[in-house]
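Please read the structure below before turning to the comments.
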Amino acid sequence: MISQKSRCLHHCAYSAALFFIAFLNSTFLFAVELTAVQSVDGQKEQSFAFWWKFLPETYFLRIVEIPSLNIVETLLLFTGVLLMLFVLWLLQRPRVKKMSGCGFKLLNLGEQGLFIPLKSEIHSLDFLSQIKTNKKFRLSTNLNRVTLTPHQSTYLLEDKNYKNALLINRRRTHRTILCDNDVLDIGEMILLFRNPGIPAEKTTRTAGAKPQFSISGVKPRGPVQKITPVLIIAGTKQEIPLVRNLNSIGSSNFNDIIIASTEIASRHLKIYKVGESWKIQNLENQQTTSVNGRRIEQKFLQNGDEVSFGDISFKFVTNKSQNKKPRSIKKETVVKTIKT
Amino acid sequence: MKSMRILHSSLLGLIGGLCSWGFLQIGFHVFETFSITVLSEFNIGQLNKFIYEGTLVGLGLGMILQARVSLWYHHDVVRIMSKMFVGALTGSITGLLCFVFGHLLQEWQVMPAISRLISWTLLGLFIVGSTELFRSSSGILRPQIISGGIGGAIGGAIFELLSLFQMTGPDNLFGLLLVGFSISLFIGLNEKRLTSFALRVLTGRQEGQLFFLDQNRFTLGYGSQNDFILKGYEEVCELHARIFKKDHQVIIENEDVGGKVLVNYRIVDQQSIKKGDVIKIGTALLQYYEI
């Protein structure tokens with residue numbers, strides 16, 4: 001039984017081997033025949049024989065043997081490709097939404113630039129707490145004391161509660177005319193004021209800056225020294241020199257600089273000399289003083305600092321050079337050090 | 001928005017594949033006409049084998065992938081056309097070299113499928129590499145090139161599988177489409193991985209546009225050589241500011257003495273920026289986001 005099986009397997013193996021040899025022979029003979037034909041026909045192709053070495057008969061990708069499209073169809077295909085590219089390009093075009101009137105645009109991420117139109121009457125910012133947003137934002141509690149009053153095609157914003165965390169263009173302000181593209185931070189909410197009718201450069205913030213009350217300082221005896229710092233009142237060209245080493249500012253007559261305003265405490269702040277520098281200190285717990293938009297209790301003043309308190313703001317200017325060197329000079333010094 | 005970018009990138013990959021296929025179709029006719037009229041003795045069929053196929057595949061893919069960023073940021077047509085021209089040139093050279101190398105591998109008894117796979121991988125690597133090379137001042141980003149290579153390898157594998165199961169469509173159309181799709185999909189996925197910050201334009205002509213900070217450094221200005229082009233704004237210089245990443249911080253630097261850069265309405269020379277910061281460049285207002 002076993003011998004019969006093994007004999008059978010032997011026969012199978014032999015027949016398979018014979019079949020393989022026969023197949024190889026036929027292919028070989030066919031190949032030889034082909035070569036012979038090619039050698040006869042290919043006499044004239046001898047000049048390109050060198051190139052044939054690099055360009056063998058085997059297709060590498062086998063992408064195009066017989067093309068499916070004719071030239072016209074291919075050109076139509078390219079027109080389609082260009083059209084698709086144009087559509088994709090056009091879809092990426094920034095879409096500017098046209099707004100009919102003034103309003104706030106919500107800038108917080110995930111709010112899809114929600115636009116909040118404003119009424120053309122006096123109203124408070126309390127309505128912001130009722131706006132439906134994707135995320136609940138923490139807002140100031142006394143927004144009913146922040147009013148928006150229509151003023152010459154724009155709005156006058158007044159904050160009657162100084163404890164509100166209200167920033168306009170990232171600076172604490174209590175009273176200002178809103179210009180197009182002003183950024184308002186009200187608690188966690190970031191708003192962009194849009195006034196498409198009047199561009200920012202055509203709006204002046206005079207109502208917020210020009211004080212409606214008298215400001216009087218200590219009159220200097222004789223000429224003022226060049227190094228004496230001055231306070232330049234915003235909205236006016238009035239300069240008040242700090243002739244004393246300690247200058248108190250407030251609404252009462254006992255101060256060195258008297259500002260007749262109900263928004264300012266009787267003794268609001270003092271500016272005094274410490275060595276070669278000047279320091280500012282808030283004196284009233286109920287009222288605030290801000291330097292460069294940040295609320296302070298006391299702070300050393302630098303040249304050009306903007307001080308605001310009540311409904312007034314001024315610039316602290318000293319002739320003493322305390323500024324950083326300009327950028328161009330910095331670069332030059334770097335170059336010099338490299339050279340050395 | 002990041003998903004939209006991946007979709008945009010993938011679509012462009014498909015268009016790139018289609019473009020390659022179109023070039024192969026028209027290429028055959030052009031070479032055939034050329035062989036009949038100019039080189040009647042030269043058997044164009046030989047040239048048809050691997051060289052021009054690789055060149056034309058690289059031409060189509062390179063042309064579209066080079067213009068990918070410009071199309072996303074809606075740059076002007078001249079810039080897009082010039083990018084496409086550069087892409088076509090570099091892509092065709094890349095394609096030629098990659099497929100000649102693949103053919104040489106085949107000559108050196110490497111399995112045809114393996115050699116083709118290597119060719120596709122190299123094509124993905126070099127096409128994305130050339131894109132990075134010509135991408136303004138952002139510099140070359142290695143992960144991006146590697147992702148291009150991975151995309152090329154996977155695309156090549158799909159191409160081989162389609163050939164194996166004879167599902168290639170007319171003249172390997174599906175294979176080419178999927179190679180383009182794969183390369184651009186992997187670039188898109190890598191960009192998504194790298195993008196965690198963005199600048200959103202708040203005002204003016206480009207209002208609402210998002211600039212993704214997916215590279216290590218960028219330039220801002222009105223000049224067309226910049227990565228982020230601010231057009232239609234006043235007081236913006238040609239090369240106004242530079243944004244770069246350093247020690248896990250994103251820093252903005254003023255590049256032009258004549259122009260000002262304001263961060264939260266304060267003039268700065270160099271300043272690290274944080275989530276929610278408002279940047280003012282000329283009359284353009286931008287907001288910095290972490291996304």
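Scope of the values below: all heavy atoms of this structure, side chains included, with no hydrogens, waters or symmetry mates. Letters go in sequence order (proteins before strands), and every chain restarts at 1.
More than 12 heavy atoms of other residues, nucleotides or ligands shown are found within 6.0 angstrom of CZ on Phe197(B). Residue-environment remark: CZ (Phe115(A)) exceeds the threshold of 12 foreign heavy atoms within 6.0 Å.
With a 4.5 Å cut-off on non-hydrogen atoms, Arg200(B) touches chain A through its side chain but not through its backbone. In this structure, the portion of Ile64(B) lying under 4.5 Å from any heavy atom of chain A is its side chain and not its backbone. Only the side chain of Tyr289(B) comes within contact range of chain A, judged by heavy atoms closer than 4.5 Å. Interface residue Leu285(B): only side-chain heavy atoms are found under 4.5 Å from chain A. Heavy-atom distances place no part of Met63(B) under 4.5 Å from chain A, backbone and side chain included. When heavy atoms are compared at a cutoff of 4.5 Å, Phe23(B) approaches chain A by way of both its backbone and its side chain.
Looking at Leu71(B) and Leu88(A), their side chains never come closer than 4.5 Å, going by heavy atoms from C-beta outward. At a threshold of 4.5 Å between non-hydrogen side-chain atoms, the residues Glu207(B) and Lys105(A) count as touching. At least one side-chain heavy atom of Leu77(A) sits under 4.5 Å from a side-chain heavy atom of Trp21(B).
When each of Ile190(A), Leu91(A), Leu85(A), Asn108(A) is checked for heavy-atom pairs under 4.5 Å with chain B, Leu85(A) comes out on top. When each of Ile71(A), Leu107(A), Leu192(A) is checked for heavy-atom pairs under 4.5 Å with chain B, Leu107(A) comes out on top. Listed options Val183(A), Leu90(A), Val81(A) were ranked by heavy-atom pairs under 4.5 angstrom with chain B; first place goes to Val183(A).
Judged by distance alone, the side chain of Gln209(B) and the main-chain N or O of Pro94(A) form no donor-acceptor pair under 3.5 Å. For Gln92(A) (side chain) and Trp72(B) (main-chain N/O), a donor-acceptor pair under 3.5 Å exists by modelled atom type. A donor-acceptor pair under 3.5 Å links the side-chain atoms of Trp89(A) to the main chain of His75(B), judged by distance alone.
Residue Asn169(A) holds its CG atom at 11.0 Å from CZ of Arg266(B), rounded to the nearest 0.5 Å. One finds the CZ atom of Arg170(A) at 12.5 Å from the CG atom of Leu262(B) (value rounded to the nearest 0.5 Å). To the nearest 0.5 Å, atoms CG (Leu69(A)) and CD (Gln25(B)) are separated by 4.5 Å.
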Legend entry - Step-by-step side-chain contact (heavy atoms from CB on, under 4.5 Å) determination, Leu75(A) to Ile26(B): CA-CA 8 Å; Leu75(A) 288 174; Ile26(B) 207 160; 4.0 Å; yes

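Pairing each heavy atom of Gly22(B) with each of Phe78(A), the nearest pair is C-CZ, 3.5 Å. Nearest heavy atom pair, residue Met84(A) against residue Ile15(B), reads CB-CD1, 3.8 Å.
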